[in-house]
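See structure below.
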Amino acid sequence: MEEVLGLEDNVKLTTIRKSALLLRMGGMGDCIILTPIARELHKKGYDVDFFCGSPNGDLTELFKELPYFHSVQNIQRVNGLDSVKDENGHFISVELLKPNYTEVFDFKNSIEENRPGQFFNKDEGWRHTINSNYMNWIDLSLAWCNIDYSKLADKDKFPEINIPEKYFEWLQGTVFAENKTIGIQLQASTLIRTWYRANELPDLLHTKYPDKVVAIFDGGNWYALMKSGRVKVNFPDDLNPILCSCAVVSKMECFISADSGMSHIAEALNIPTIGIYTTVPAWTRTKYYDYAFPLEATCECHPCFTLHTFCPLEVKKAEESLTPRERMIIKKAEIGTNIFEVAKELSTVPRALQVELESAKKRVEAFSATEPACVKSVTPEMIMDKVDKVLNFDWDYK
Amino acid sequence: MIGKKSISLCCVVYNPFPDFQKTLDSVKNIVDEIVIVDQSSDKEQSEQLQKIADIYQRTTNKGNADPDRMFCYSLATKDYILALDSDEYFTEENLKLFIPLVEKYNLDVCWMLFENVVKYNEIKVDLKEMMGEDPHPRFWKKVININGQPVSPVIWRPEAHVHPIINTGNVVYAELHITHERGLVEIIKRHLQRGKNIDPRAQQMERQFINTLLLKFGELVKVQLKKEIPELTDYLKG
């Protein structure tokens with residue numbers, strides 16, 4: 001919205017546009033779901049700059065050509081400070097640039113921190129009610145930007161990306177060139193959202209759909225399973241591997257995904273996606289997605305909404321497996337009791353106590369990584385059924 | 001002055017001439033004040049320093065600039081501090097990059113990269129491979145406000161070879177270089193002179209630095225230097 005500031009000589013109009021900075025350090029999905037938010041801000045008259053940073057790599061190419069972004073820049077951490085490169089190659093800290101904007105929407109210090117933190121007293125029940133998983137993330141992101149999500153049509157809440165033509169040119173030379181691929185990517189950033197039995201699917205899919213190419217994402221690479229055997233698809237050095245992956249997804253007939261960034265990419269590319277949701281109900285992610293075919297865990301404890309890496313029940317079981325002494329050491333460490341006092345009480349020395357504490361914590365972590373009930377409850381058969389439905393889906397009806 | 005920002009050039013020095021002239025000349029068009037803390041230079045150099053300085057303070061020789069840095073910066077009276085050692089200077093090219101940067105951003109601290117060069121007779125060795133880009137904060141606001149308290153955005157600790165504490169997020173990491181040009185003999189003599197005046201960790205770092213530096217210059221130079229500076233053999237042994 002342009003604000004008219006003044007009229008001079010009855011003819012001269014002076015107008016000013018508002019500027020907004022969207023900041024997001026996170027995974028691919030976290031950045032992609034901000035595109036509907038940027039679109040809305042743009043409609044409201046903001047020039048939107050998007051600074052994004054991801055451990056997955058540089059994502060800026062995905063957004064640069066989208067018309068509602070004024071500029072898109074990759075955040076890099078320089079000497080511990082989030083910074084972006086200016087046109088002369090200097091790294092400028094994001095903090096220094098914030099005052100240049102009418103509004104700064106910093107998602108690093110909003111959604112990410114909207115959880116019980118280590119500095120809170122975990123025993124306070126109400127702390128557990130602070131959880132960004134209780135809401136659809138696009139609605140939540142809109143709300144963080146002071147946009148009334150209830151007044152926005154569902155059809156306006158879709159994510160978008162742009163893949164430059166050179167990636168499709170590369171794809172033409174690969175086995176994924178034709179639209180008959182079924183893709184599998186079942187790793188998520190946390191173990192509890194990762195489906196453990198991904199290795200069983202390729203053979204099942206290949207047997208049932210021998211004419212299709214099964215694309216498997218594993219350890220940062222795509223592998224193709226087809227009639228002639230299994231091949232690894234290499235990314236060219238001069239192309240961004242993330243965008244190569246997006247191009248691969250763009251040619252899929254069906255994509256089977258964990259609750260991860262790739263599922264948002266698939267939606268942005270209008271690719272039918274079977275998303276496996278373990279800790280959260282699917283609507284927190286796919287409520288407005290036209291191409292989502294979510295598969296939810298069927299266990300009693302689903303959804304638990306946890307934001308943590310491990311299943312809370314598995315963590316509890318792991319903690320119960322510790323000896324009373326180990327439990328006491330962990331408890332004392334959590335409440336910050338002086339290590340010398342605890343060592344004296346347990347007739348040991350601080351150094352030994354430290355080792356005991358570390359080993360107990362490691363054991364809890366190891367036992368917590370066991371496959372949780374929600375992940376177990378999704379079976380390969382359920383996925384295969386869903387694939388069948390997707391491949392035979394009547395899109396005209398939808 | 002750059003734009004409306006006034007600048008104090010702050011230098012902690014000890015017998016800095018003739019190299020220091022290059023430092024002064026390189027920034028003479030942008031600085032409004034010269035602050036010099038002289039760690040007991042010889043009489044002749046001391047007099048010369050007093051002539052050029054707007055603010056001059058004489059301290060004891062500590063063999064190292066670091067213990068006197070914060071004192072020196074506290075004497076500055078302008079908006080910004082440009083901290084250069086007596087063997088550091090801006091090339092014309094780098095100054096051209098620096099000026100628009102300061103004009104454009106309301107920065108609290110600017111880190112700059114270093115081009116470290118060591119000379120011995122006709123041989124010049126670039127230490128980039130050894131020290132990387134060696135970034136240091138060299139330009140910062142004299143005072144910023146944190147919770148109503150005036151504080152320096154950069155706090156140098158008195159120990160040698162330790163990066164300072166930065167009290168602000170308004171930082172620029174500039175893609176430009178300050179040239180740091182030194183003579184090999186001068187470096188060794190200075191390190192020998194410091195002796196045990198600096199803490200053991202810094203002594204060890206310096207010895208390691210000299211050893212690696214001599215490797216770069218080669219065995220012939222090392223033999224020559226051992227003749228020129230007899231104490232060097234013992235120093236290298238630790």
Side-chain angles (χ1 to χ4, degrees), chain A residues 16-26 47-55 57-58 60 70-113 117 119 144, chain B residues 2-3 5 79-80 82 90-115 131-141 144-147 151 153-157 162-178:
Chain A
I16 189 168
R17 276 188 76 81
K18 296 178 283 183
S19 58
L21 173 62
L22 273 185
L23 275 167
R24 190 61 163 114
M25 294 282 274
D47 285 332
V48 184
D49 283 354
F50 186 25
F51 293 176
C52 57
S54 170
D58 186 350
T60 52
H70 176 255
S71 79
V72 181
Q73 297 208 57
N74 188 35
I75 301 179
Q76 293 176 64
R77 192 155 284 183
V78 186
N79 221 359
L81 280 182
D82 295 343
S83 309
V84 290
K85 241 182 189 178
D86 77 356
E87 63 281 8
N88 296 315
H90 306 301
F91 279 101
I92 316 296
S93 73
V94 172
E95 288 306 312
L96 179 56
L97 296 172
K98 280 182 178 177
N100 298 345
Y101 293 90
T102 322
E103 300 283 354
V104 177
F105 302 112
D106 191 340
F107 283 81
K108 183 181 171 188
N109 293 319
S110 49
I111 284 190
E112 287 288 283
E113 295 307 318
F119 302 113
W144 278 117
Chain B
I2 297 179
K5 295 163 184 167
D79 302 335
Y80 281 84
L82 173 64
F90 277 92
T91 59
E92 214 170 295
E93 200 181 38
N94 281 303
L95 197 66
K96 275 183 190 161
L97 295 171
F98 179 65
I99 293 170
L101 183 76
V102 177
E103 280 171 347
K104 185 173 176 184
Y105 298 108
N106 182 25
L107 53 89
D108 289 345
V109 177
C110 181
W111 288 68
M112 286 177 246
L113 306 172
F114 271 70
E115 192 186 337
M131 301 175 73
E133 297 275 28
D134 194 25
H136 280 72
R138 279 292 192 242
F139 182 75
W140 60 88
K141 259 186 195 155
I144 57 166
N145 204 300
I146 299 176
N147 296 334
V151 275
V154 175
I155 299 193
W156 287 84
R157 288 179 274 179
V162 178
H163 270 315
I165 298 161
I166 308 293
N167 283 328
T168 175
N170 295 336
V171 177
V172 168
Y173 300 94
E175 190 62 27
L176 60 90
H177 291 83
I178 288 178

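The sequence lines fix the lettering, A, B, ..., with proteins before strands; numbering per chain opens at 1.
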Donor-acceptor contact below 3.5 Å, side chain B/Tyr105 vs main chain A/Leu96: no

Chain A contact via B/Ile166 - side chain, backbone, both or neither, heavy atoms under 4.5 Å: neither

Any side-chain heavy-atom pair of B/Tyr173 and A/Leu81 under 4.5 Å: yes

Distance, nearest 0.5 Å, that separates CG of B/Leu101 from CG of A/Asp86: 7.0 Å

Rounded distance (nearest 0.5 Å) linking atom CG of B/Asn106 with atom CG of A/Leu97: 11.0 Å

Residue B/Lys104 excluded, over 12 heavy atoms near NZ under 6.0 Å: yes

Side chain, backbone, both or neither of A/Asp82 within contact of chain B (heavy atoms, under 4.5 Å): neither

Which atom of B/Glu175 lies closest to which atom of A/His90, heavy atoms considered: N-ND1, 2.7 Å

